[in-house]
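Chain naming here is simple, since letters A, B, ... match the order of the sequence lines and numbering starts at 1 in each. Side-chain atoms are counted along with the backbone in the values below, which use heavy atoms only and exclude waters and symmetry mates.
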Amino acid sequence: MPELPEVETVRRSLEPNLLNKTITEVKVFLPKLIKIPSGDAEAFGRILTGRKFKAIKRRGKYLLLYLEPDWVLVIHLRMTGRLLYIEKPVPVEKHTHFIFCLDDGNELRFHDVRQFGLIYLVQEKDLETIEGLKTMGPEPLSEDFTLECLKNSIKGKKQRAKVFLLDQRCVAGIGNIYADEILFQAGIHPDRRVDTLRDDEKEALWRAIKDRLQAGVDHRGTSIKDYVDGFGQAGSFQNQLQVYGKYGEPCPRCGTIIQRTKSGGRTTSFCPRCQKIR
DNA sequence: AATTGTACCTGTCAGC
DNA sequence: TGCTGACAGGTACAAT
């Protein structure tokens, strides 16, 4: 589910509520989601209890909750994960797998219908033991992500454009929705090999990556089924989508029927006229 | 080394 | 009203 804009929206909604709060109790209902320390709910709860949140960050699609003095609770929401700050008494739902009780009397809950979410508890010096974080590509909304940076990332690769965008080692945080929207805006066919892109096309791709992800953040994410922010609020970027999930409908730019294919095992929607393979 | 397939789960929706 | 199969914002791992 959540891609960079959704995870960033969750981060922003949680940050003011968690900063300087202390965890008073941890309830674990599904230990298998704890990857480090592997399935160990007892150690997980023991280490977290009594610790205070000192920073709430994001890297790609990972949320990084920093605790004093040097622990990091790393959470990946995968497809259907939700992190919710609960202020009023709410019954524990069927798919609530973790509850972090806070010293303000409120709770942080992790909820995940499909149970794909991943949770790690590591010390700061060990963040790189999380393979996905260690190999993560550049952060696309940072100032460091220049056109040159994208060109460097493309260098030596022969992937098709859609697969390239979905590969977290190439660029961080892009998933199936934003990949389709980025390629449409850039006018690039999803099956185009990245090593055949001209300079002007690389620049269009770079601009579209920045523009579509920023637009997603500005609209507080895309809520199609499950995604909500830390307050349970939906985003609105689903109203701005041009091609994602719109196969069979006319292209908003030229009216040609949007086609559907598979790239890297994922359903892909694109306009065969605006996104020529060339 | 790079690519493709499969596994992990539950829920929803279309078609019969 | 079932039942079945396809599909869903993702990635880790095995197989090729």
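Within the structure, ring-ring contact (aromatic ring centres under 6.0 Å, His included) pairs that include any residue of residues 255-278 of chain A comprise A:H189-A:F270 (at least two apart or interchain). Under the ring-ring contact (aromatic ring centres under 6.0 Å, His included) criterion, the residue pairs touching residues 153-186 of chain A are A:Y178-A:F237, with sequence neighbours excluded.
Across the P atoms, B:dC9 and C:dA14 are found 16 Å apart, a figure rounded to whole Å. Between B:dT6 and C:dC7, the distance separating the two P atoms is 14 Å to the nearest Å. Taking atom P in both C:dA8 and B:dG5, the straight-line distance is 16 Å, to the nearest Å.
For the side-chain contact (heavy atoms from CB on, under 4.5 Å) test, residues two or more places apart in sequence or in another chain that qualify with A:E131 are A:K134, A:T135. When the salt bridge (charged side-chain N to carboxylate O under 4.0 Å, His left out) test is applied to A:E124, the partners found at least two apart in sequence or on another chain are A:K54. Taking A:H95 as the reference, A:H97, A:H111, A:V113 meet the side-chain contact (heavy atoms from CB on, under 4.5 Å) condition, with sequence neighbours excluded.
Surrounding NZ of A:K157 are more than 12 heavy atoms belonging to other residues, nucleotides or ligands, all under 6.0 Å away.
A salt bridge links A:E201 with A:R198: the distance from a Lys NZ or Arg NE/NH1/NH2 to an Asp or Glu carboxylate oxygen falls below 4.0 Å. A salt bridge links A:D180 to A:K162: one of the charged nitrogens lies within less than 4.0 Å of a carboxylate oxygen. Contact check on A:K61 versus A:E3 returns no salt bridge, with no Lys/Arg side-chain nitrogen under 4.0 Å from an Asp/Glu carboxylate oxygen. The pair A:E8-A:R58 meets the salt-bridge criterion, since a charged nitrogen lies less than 4.0 angstrom from a carboxylate oxygen.
Place A:G156 and A:K225 on DNA chain B by their nearest nucleotides, and A:G156 ends up nearer the 5' end. Heavy-atom nearest nucleotides on DNA chain B were determined for A:G264 and for A:Q115, and the one closer to the 5' end corresponds to A:G264.
As judged by a 4.0 angstrom heavy-atom cut-off over every strand, A:Y244 is placed among residues touching the sugar-phosphate backbone only. Nucleic acid contact for A:K157: none, since no nucleic acid atom lies under 4.0 Å from a heavy atom of the residue. Within 4.0 Å of A:K94, counting heavy atoms only, lie sugar-phosphate atoms of the nucleic acid but no base atom.
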Quiz item: According to the Watson-Crick and G-U wobble definition with distances under 3.5 Å, which dot-bracket string, read 5' to 3', encodes DNA chain C, using [ ] for crossing pairs and | for pairs with another strand?
Solution: .|||||||.|||||||
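Between the C1' atom of C:dG9 and the CZ atom of A:R220 lies a distance of 17 Å, rounded to the nearest Å. Atom pair A:E181:CD and C:dG9:C1' shows a separation of 12 Å (rounding to whole Å applied). In this structure, A:R260 atom CZ and C:dA6 atom P are separated by 12 Å, rounded to whole Å. For A:K262 and C:dG10, the NZ to C1' distance is 14 Å, given to the nearest whole Å. Between the CZ atom of A:F116 and the P atom of C:dG9 there is a distance of 12 Å, rounded to whole Å. The distance from atom OH of A:Y178 to atom C1' of C:dG9 is 9 Å, rounded to the nearest whole Å. Rounded to an integer number of Å, the gap from A:L33 CG to C:dT11 C1' is 14 Å. The interatomic distance linking A:L213 (CG) with C:dG9 (C1') rounds to 13 Å, in whole Å.
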Give the table of side-chain donor-acceptor pairs shorter than 3.5 Å for residues 44-53 of chain A, with sequence neighbours excluded, one pair per line with atom names and distance.
from  : atom 1 : to    : atom 2 : distance (Å)
A:R46 : NE     : A:E42 : OE2    : 3.1
A:R46 : NH2    : A:E42 : OE1    : 3.3
A:T49 : OG1    : A:G45 : O      : 2.6
A:R51 : NE     : A:I47 : O      : 2.6
A:R51 : NH1    : A:E68 : O      : 3.3

Residues 18-29 of chain A, side-chain donor-acceptor partners within the protein, below 3.5 Å, at least two apart:
from  : atom 1 : to     : atom 2 : distance (Å)
A:K21 : NZ     : A:N17  : O      : 2.6
A:K21 : NZ     : A:D104 : OD2    : 2.9
A:T24 : OG1    : A:C101 : O      : 3.3

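Rounding to the nearest 0.5 Å gives a distance of 7.5 Å between OG1 of A:T96 and CD1 of A:I86.
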Listing time: all N or O pairs from protein to nucleotides 12-16 of chain C that are below 3.5 Å?
from   : atom 1 : to    : atom 2 : distance (Å)
C:dA12 : OP1    : A:Y62 : OH     : 3.4

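Once you apply a 4.0 Å limit to the heavy atoms of chain A, the touched nucleotides of DNA chain B run 5' to 3' over B:dT3 to B:dG11.
Grouping Ile, Leu, Val, Met, Phe, Trp and Tyr residues whose side-chain heavy atoms lie under 4.5 Å apart, directly or via other members, leaves A:L166 alone, with no other cluster members.
Using a 4.0 Å cut-off, no side-chain N or O of A:T80 falls inside it from OP1 or OP2 of C:dA8.
Only A:Q168, A:G175, A:N176, listed by number, bring a heavy atom of residues 158-176 of chain A to less than 4.0 angstrom from any atom of DNA chain C.
The glycosidic torsion of B:dG11 lies more than 90° away from 0, which places this base in the anti conformation.
Under the 6.0 Å distance and 45° angle rule, A:K57 counts as a cation-pi partner of A:Y66.
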